[in-house]
Every structure is written in structure tokens, then in C-alpha cells.
Amino acid sequence: MNAIETKIRAALSEAEGKLAAAVDAAAVEQVRIELLGRNGLFPALSREMGSIPAEERRATGALFNTGRTQIEAWMEAAKERLNAGAAKQAAAALDVTLPGRRTGCGHKHPVSIITDECVAIFRRMGFIVAEGPEIETVYYNFDALNAPEDHPSRDPQDTFYFGDGRILRSQTSPVQVRVMESHQPPVRIVAPGRVFRRDTPDATHGMNFHQIEGLSIDKGVSMADLKSVLQRFATEMFGEKVKIRLRPHFFPFTEPSVEYDFSCVMCGGAGCPVCKHSGWIEIAGAGMVDPNVLKNVGYDPEIYSGYAFGMGLERLAMLRYRIGDLRYLYENDVRFLEQF
Ligand code: PHE
């Protein structure tokens, strides 16, 4: 065996091992470059061919050719093996017979459902929806609403102050002022939205909750209109059997002011733990808009009058869905939320 044949045989046995063990296409390519590439072993040997005796050249040439063909065949086999492995892996990762993975489909939160229902009821009675900012000024939240300087609701214990004249609104009533400032009467709006108070959260109180404000201003609007609108609302929301009751109250921005109770939806008025055995549940504050508020927005109280009301939406949701604790609404427990 001459020197060239020795090198070919050595290269063949090395290549066979390397290609059998190749784990990726790069390893196969590396063998090709080393042996068959332009600067690889085989082209180099081909140039050395002239140095061997003429009578050996035929046999050496044959070995050279079969060797190269053999290497190419092993490379092909290695590539096929690698491709098959990759395809198998992909097939294992994707089992097309498995049922699809469902992504949960979200739906409306109970407070949103109630809000939408309230809005729909009031729209049928001719109200349109208005909005105001959640970050309000002391002026809109208190001053323009005729709240005296020493009114308890102004206390920083009750209202969140930013310290620069801005606050988180503690009620939706400032929307009344904003709407009246920018519109001439007649005005007939409802304004649902989030409000903030520094309460300690418990079964019936949260630090932020939702209200829906109502305002109707025109010539000759009276308390009787307020009563009929809220009676209609109660019936639409809770059915024919529900009764309403007005109790005298005080709000700085209405005169006279009332609080509205609905007969307890849970016990039908007979008395139960939810209504604290009174048969009634407090739902809203309301009253005739105070002449001072009308003056603050440039309306003439001698010509125009109207009523306003504000209701807690969580309260309504709790009654409607018989939820015993307000905190359930905001714990985001899917087992709870899925029920609506
Ligand atoms: N803003 C009052 C509250 O949050 C409710 C209210 C609204 C009362 C409109 C009268 C008129 O308690």
C-alpha cells in the first residue's frame, strides 16, 4: 500500500465514525470541508497522484474514486438521519389528535352589567349619558356644589387629596356642575362612574365604588317628577312588587333633600339580616337642586328648577344578585365572577 492509499483508508475510517456520530448538519459539513472541500484532503491527494509509480496509479485512482463516493454516501445517510430525527421531534411536539386548548372567554363584571342596565332604563326615560373626570378639583367636588367649608365630607379623613387643589372625586355629583356649565337647560343626564372615599373596607363599604348620578333641569320640574322617575326605575330594576320610600335628609346641593329606600328585595319587606330587619334598604340620595348650585353655573333659579339623585351601583348589584358582601365584587375570584 502506498502513502496515498494509507491516507485514504485512514480518512475513510475517521469519516465513517464522525458521520455516524454527527448530531447536526454543521458536523456533516465540517467533514465535507476537511475531506472534499477545495483545500481538503482529497484535492490535495489528487495533486500528489503524479508522484506515485505508474503501475500503482490505476489501483490508487480506483481507491480514490470509491473513497470519495463512499464519503458522499455516508454524508447523505447522515443528513437523512438528522432530518428524520427533526421531523419525529416536531411530530411528537404537535399531537394533532389532542383537543384544542381553550382560552377563557371573559365577560362583563356584575357591576358593569348593572351599570349598563341602569343606563338603559334611564335612556328609555329620556336621559342621556354624561361623563366627568375621576381626578376632580375641590371646586367641582365641593365648592360649586354648595358644600360649606366645614362640611364633614371635605375632611381629609374622608376624601383623597393630592394637595394641589385636586382630589379623587368622592361622588359623581361634580358631573352635574360640569354639564350645567357647558349646556343650557333643558338638561337630562345620567353619569355613571367611579368614586373614591377613605372608608375602611367592610361588607358594605369600599375605598372606591361606583355611583350613577341623575340630573334633570327644566322649567317647572318638581319633586313629583323625581318620585315618578325613581319609582319607574325601581320597578324596571326589581319588578312590580318593589316599593319606594323617601326620608328627609340633608345634602348641601339639594333642597329639600331625601334619602331613598327600596323595600328589601331579599325578604320582600318582611325583615331579614340584609335589611337589618327594617324591611327597607337605602339606595339613593336625591333632592331638588339647590338654587345656589343653579346660580353657580349661571342658571336663573327663578326660571329653572330640577332634581338630582345619586345611587350606589355596588349596592344595586348586591341586591340584584343577592351578594352578601361587597368585597366579593373586587377579589377577582373567577369562581365568583363566572356566575354572572
Ligand atoms: N352625591 C350624594 C352622595 O354621594 C348623593 C346625591 C346625589 C344626593 C344627588 C343628592 C343628589 O351621597
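Both counts, for ligands and for their atoms, begin at 1 and track the order of listing. As the structure is a computational prediction, the values presented were derived from the model and not from experiment.
Listed by number with element, the atoms of ligand 1 under 4.0 Å from a non-hydrogen atom of A308 are 9 (C), 11 (C). Each of the atoms 9 (C) of ligand 1 lies under 4.0 Å from some heavy atom of Q176. Per-residue contacts place A286 under 4.0 angstrom from the following atoms of ligand 1 (heavy atoms of the residue considered): 8 (C), 10 (C), 11 (C). The ligand atoms of ligand 1 that sit less than 4.0 angstrom from a heavy atom of R197 are 3 (C), 4 (O), 12 (O). Atoms of ligand 1 found under 4.0 Å from any heavy atom of F309 (numbered from 1 in listed order, with element): 7 (C), 9 (C), 11 (C).
Between F196 and F160, the distance from one ring center to the other does not fall under 6.0 angstrom.
Between F262 and F238, the ring-plane angle classifies as perpendicular under the 30° and 60° cut-offs.
To the nearest 0.5 Å, atom OG of residue S153 and atom CZ of residue F251 are 10.5 Å apart.
On a distance-only criterion, Q211 and ligand 1 share at least one N/O pair closer than 3.5 Å. On a distance-only criterion, Q171 and ligand 1 share at least one N/O pair closer than 3.5 Å. Where the criterion is an N or O separation shorter than 3.5 Å, residue side chain and backbone included, S170 fails it with respect to ligand 1.
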Practice task
Show your working on side chain to side chain donor-acceptor pair (under 3.5 Å) between Y330 and E314 and close with a plain yes or no.
Solution key: CA-CA 10 Å; Y330 296 112; E314 278 78 1; 2.3 Å; yes
Exercise for the section: May I have the step-by-step check of salt bridge (charged side-chain N to carboxylate O under 4.0 Å, His left out) for D143 and R154, ending in yes or no? Expected result: CA-CA 10 Å; D143 300 341; R154 288 187 185 249; 2.7 Å; yes
Problem - side chain to side chain donor-acceptor pair (under 3.5 Å) between S170 and D158, intermediate numbers included - result: CA-CA 8 Å; S170 63; D158 292 311; over 6 Å; no
Exercise for the section: Go through the steps to decide whether Q211 and Q171 satisfy the test side chain to side chain donor-acceptor pair (under 3.5 Å), and finish with yes or no. Expected result: CA-CA 7 Å; Q211 290 185 326; Q171 49 187 356; over 6 Å; no
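The closest side-chain donor-acceptor pair between S216 and R188 falls under 3.5 angstrom.
When non-hydrogen atoms are compared, ligand 1 lies under 4.0 Å from the side chain of S173 (C-beta onward) but not from its backbone. At a heavy-atom distance under 4.0 Å, only side-chain atoms of F253, from C-beta outward, approach ligand 1. In E259, neither the side chain nor the backbone holds a heavy atom less than 4.0 Å from any atom of ligand 1.
The protein heavy atom nearest to atom 6 (C) of ligand 1 is G285 O, 3.7 Å. For atom 12 (O) of ligand 1, the nearest non-hydrogen atom of the protein is F251 CE2, 3.8 Å.
Of the listed options S257, G312, G310, G310 places a heavy atom closest to atom 7 (C) of ligand 1.
A cation-pi contact, defined as under 6.0 Å to the ring centre and within 45° of the axis, links R178 to Y140.
At a 4.0 Å cut-off, not a single heavy atom of M311 sits close enough to ligand 1 to count as contact. In this structure, M288 falls outside the shell of residues with a heavy atom less than 4.0 angstrom from ligand 1.
Between F127 and I189 the shortest side-chain heavy-atom distance does not fall below 4.5 Å.
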